[in-house]
Chemist: 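Pasting a structure below so you can have a look.
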Number of protein chains: 2
Amino acid sequence: MTKKIRTAIIGYGNIGKYVIDTILHTPDFEVAGIVRRNVQEIPTELKEYTVTDSISNLSDVDVAILCLPSRLLETAANECLSLGINTVDSFDIHSDILVLRKSLDGVAKEHSAVSVVSAGWDPGSDSIVRALMQAMAPSGVTYTNFGPGMSMGHSVAVKAIKGVKDALSITIPTGTGIHRRMVYIELKKGYQLDNVTKAIQNDSYFINDETHVFQVNDISELKDMGHGVEMERKGASGSTQNQLFSFGMKVNNPALTAQMLVNAARASLLQQPGAYTLIEIPLVDFLPGKKDEWIQKLV
Amino acid sequence: MTKKIRTAIIGYGNIGKYVIDTILHTPDFEVAGIVRRNVQEIPTELKEYTVTDSISNLSDVDVAILCLPSRLLETAANECLSLGINTVDSFDIHSDILVLRKSLDGVAKEHSAVSVVSAGWDPGSDSIVRALMQAMAPSGVTYTNFGPGMSMGHSVAVKAIKGVKDALSITIPTGTGIHRRMVYIELKKGYQLDNVTKAIQNDSYFINDETHVFQVNDISELKDMGHGVEMERKGASGSTQNQLFSFGMKVNNPALTAQMLVNAARASLLQQPGAYTLIEIPLVDFLPGKKDEWIQKLV
């Protein structure tokens with residue numbers, strides 16, 4: 001029997017839960033353990049796993065999937081890479097990806113490990129589609145339209161703002177890559193909606209978009225993890241104008257993120273030491289089993 | 001100034017013409033020369049180039065783009081690779097890709113060259129989309145629906161059949177990846193439509209599809225190089241069912257083929273010796289210029 005890919009899951013929020021689900025449905029993977037701050041109260045569904053507060057307590061880990069808010073990822077990645085453990089994350093602050101990649105590239109190379117950054121669906125699988133569309137028609141414009149759907153990255157960012165008890169941010173596409181953000185919050189006692197609204201609107205996740213903030217009594221009544229994307233490019237191949245491309249999906253958001261993270265974890269084992277975004281990795285490396293069989297089936 | 005990628009174009013049919021057009025619109029490329037059988041009558045638009053009947057007459061060639069019918073590609077590829085020149089082709093007989101790749105892989109490695117096989121749009125860019133969809137939802141079904149549009153590979157196959165003076169094959173999608181082939185032919189004198197029809201229907205390009213053959217007086221009246229694809233996958237990410245993906249395009253067929261061939265020629269210079277299909281090459285390698293700028297822009 002081939003050795004399975006032993007995977008640590010770091011963080012046990014939405015994404016962490018879906019990553020475990022994905023691993024259970026992925027024959028070449030197994031859970032090495034879960035790393036989280038709270039090791040006192042262990043949820044029933046984790047009873048069969050090693051749950052610890054430090055990656056260094058787990059043995060034989062091939063790769064760690066980091067299921068933490070974007071702003072906590074770098075520290076966790078550095079810790080794993082320093083132990084020679086590959087990392088995969090779904091860092092989603094587009095403007096900072098290049099900086100994170102460069103920083104982790106150095107650490108990864110120093111410890112002969114591989115780090116795959118921004119390996120969710122956007123950034124992630126959508127980045128692959130954008131790169132392909134760019135190649136197919138080098139001049140032209142690509143629009144990425146998100147939603148309607150709940151943005152996990154944006155919701156987490158709102159939850160981190162002072163005065164917010166719970167939050168949910170829904171992305172509404174208004175066409176040509178422009179979006180409206182509908183933010184629903186439960187307010188902590190003693191905080192003013194006006195001030196919190198301003199803090200949200202000035203956060204780097206929201207500052208460039210039309211953002212509306214609403215106070216509600218119970219966030220859980222609004223939750224639906226469905227999401228969608230419509231990408232389109234119109235451009236020229238050589239001198240030939242009006243080449244039209246589109247890509248669309250309607251998905252469970254954390255399920256696709258988790259699936260892409262697991263795919264990237266697999267691919268991490270096939271790359272040379274260093275840090276990579278998904279457009280730097282051959283597509284076939286994301287798939288399990290034999291390369292020749294995929295060439296036969298997919299090419 | 002950075003050295004341009006010196007490219008030989010082998011074959012001067014539809015694809016060859018569009019490859020030259022693409023190179024003229026691609027700042028990092030230049031034409032090293034055109035290789036064709038007929039060097040006596042040189043078309044006006046080629047007067048400024050070296051036109052020769054052998055690749056060995058051209059100097060400083062980085063990569064040869066093979067613009068020949070699929071069945072003539074392997075011999076030409078072997079000749080170039082043996083001279084240490086990278087090759088790129090758009091070989092389109094899906095069932096034989098793995099065999100061709102394996103054969104050229106040996107020759108390429110022996111001469112420290114790179115061969116990119118099946119680098120058009122299907123096989124080619126569509127293969128990349130199929131691999132991505134497979135990764136995003138590992139269980140499920142992908143359908144690739146072509147057309148309506150003229151299939152160059154199928155038209156060339158018909159033209160090679162005895163008794164056919166000129167031909168055009170149009171692909172009609174009938175859903176769930178099933179296609180009808182509408183074949184229009186001009187018949188040579190002394191041949192029977194019935195016999196030629198049977199030969200077409202038994203050709204490996206047509207034997208699995210519903211194929212109708214019609215005799216016409218003038219093929220040129222039917223020509224339109226627009227083509228299209230609609231790909232769809234419904235599948236599961238982890239245990240989450242009903243993840244929906246689609247990819248569509250409406251394009252000038254030879255223009256996109258040529259653009260992908262030029263992209264693959266660029267990528268060939270970045271790979272280790274050997275033969276590759278497009279799903280074995282990182283997406284960013286198909287793009288010109290600096291990797292970091294593409295990560296910033298596309299990821």
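Heavy atoms only: backbone and side chains are in, while hydrogens, waters and symmetry mates are out. Small disclaimer: the values here were computed from a predicted structure and weren't measured. Order of the sequence lines sets the chain letters (A, B, ...), proteins ahead of strands, with each chain counted from 1.
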Chemist: Just verifying a value: how many Å separate A:Trp121 CH2 and B:Ser237 OG, rounded to the nearest 0.5 Å?
Modeler: 12.0 Å
Chemist: Name the option with the most non-hydrogen atom pairs under 4.5 Å to chain A; the candidates are B:Pro138, B:Pro254, B:Ser118.
Modeler: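 With the most close heavy-atom pairs to chain A, the winner is B:Pro138.
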Chemist: Determine whether A:Ser246 and B:Met249 make a side-chain contact, defined as any pair of heavy atoms from C-beta on separated by less than 4.5 Å.
Modeler: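 SC-SC contact between A:Ser246 and B:Met249 ruled out.
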Chemist: Between A:Phe245 and B:Val129, is there a side-chain heavy-atom distance shorter than 4.5 Å?
Modeler: no
Chemist: Which atoms of B:Asn263 are under 4.5 Å from chain A, going by heavy atoms: the side chain, the backbone, both sets, or neither?
Modeler: side chain
Chemist: Can you list the residues of residues 100-107 of chain B that sit under 4.5 Å from chain A, counting heavy atoms only?
Modeler: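 Within residues 100-107 of chain B, the residues under 4.5 Å from chain A are B:Arg101, B:Lys102.
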Chemist: Using a cut-off of under 4.5 Å on heavy-atom pairs, state which of A:Ile97, A:Asp126, A:Val251 scores highest against chain B.
Modeler: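 Max contact count across the listed options: A:Val251.
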Chemist: May I ask you to name which of A:Asp285, A:Val117, A:Thr144, A:Leu287 has the most heavy-atom pairs under 4.5 Å with chain B?
Modeler: A:Leu287
Chemist: Heavy-atom distance under 4.5 Å to chain A: side chain of B:Ser139, backbone, both or neither?
Modeler: neither
Chemist: Just so I understand: if I count every heavy-atom pair under 4.5 Å between each of A:His94, A:Arg266, A:Gln134 and chain B, which residue has the most?
Modeler: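 Greatest number of close heavy-atom pairs with chain B: A:Gln134.
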Chemist: Please give me the minimum heavy-atom distance between B:Ala255 and A:Thr240, naming the atom from each residue.
Modeler: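 Looking at all heavy atoms of both residues, the shortest contact is CB-OG1, 3.3 Å.
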Chemist: Just checking A:Lys234: does its NZ atom have more than 12 heavy atoms from other residues, nucleotides or ligands closer to it than 6.0 angstrom?
Modeler: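 Not buried by this count: 12 neighbours or fewer within 6.0 Å.
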Chemist: Looking at every heavy atom in both A:Pro123 and B:Val299, which two are closest together, and how far apart are they?
Modeler: CB-O, 3.4 Å
Chemist: Under 4.5 Å heavy-atom distance to chain A, tell me which part of B:Leu132 shows up: side chain, backbone, both or neither.
Modeler: both
Chemist: Which answer fits A:Ser95, side chain, backbone, both or neither, if we ask what part of it has an atom under 4.5 Å from a heavy atom of chain B?
Modeler: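 Contact with chain B: backbone only.
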Chemist: Tell me, for B:Ala258 versus chain A, whether the close heavy atoms (under 4.5 Å) come from the side chain, the backbone, both or neither.
Modeler: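 Interface part for B:Ala258: neither.
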Chemist: Name the option with the most non-hydrogen atom pairs under 4.5 Å to chain B; the candidates are A:Leu24, A:Ile23, A:Asp21, A:Thr22.
Modeler: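 Result: the option with the highest number of such pairs is A:Asp21.
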Chemist: Show the nearest heavy-atom pair for residues B:Ala135 and A:Gln259, with the distance to one decimal.
Modeler: O-CG, 3.4 Å
Chemist: With a strict 4.5 Å heavy-atom criterion, list every residue of residues 269-284 of chain B that contacts chain A, or say none.
Modeler: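 Near chain A, by residue number: B:Thr277, B:Ile279, B:Glu280, B:Ile281, B:Pro282, B:Leu283, B:Val284.
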Chemist: If you round to the nearest 0.5 Å, how far is CG of B:Leu98 from CH2 of A:Trp294?
Modeler: 14.0 Å
Chemist: Could you tell me whether the side chain of A:Met260 reaches within less than 4.5 Å of the side chain of B:Met136, counting heavy atoms only?
Modeler: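 Counting from C-beta outward, B:Met136 and A:Met260 do come under 4.5 Å.
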Chemist: Measuring from atom CG of B:Leu298 to atom OG of A:Ser127, what distance do you get when rounded to the nearest 0.5 angstrom?
Modeler: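 If we round to the nearest 0.5 Å, B:Leu298:CG and A:Ser127:OG are 8.0 Å apart.
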Chemist: Is there side-chain contact between B:Gln243 and A:Asn252, with heavy atoms separated by less than 4.5 Å?
Modeler: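 Touching, per the 4.5 Å side-chain cut-off.
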Chemist: Examine whether an atom of B:Asn242 lies under 4.5 Å from a heavy atom of chain A, and if so say whether it belongs to the side chain, the backbone or both; otherwise answer neither.
Modeler: backbone
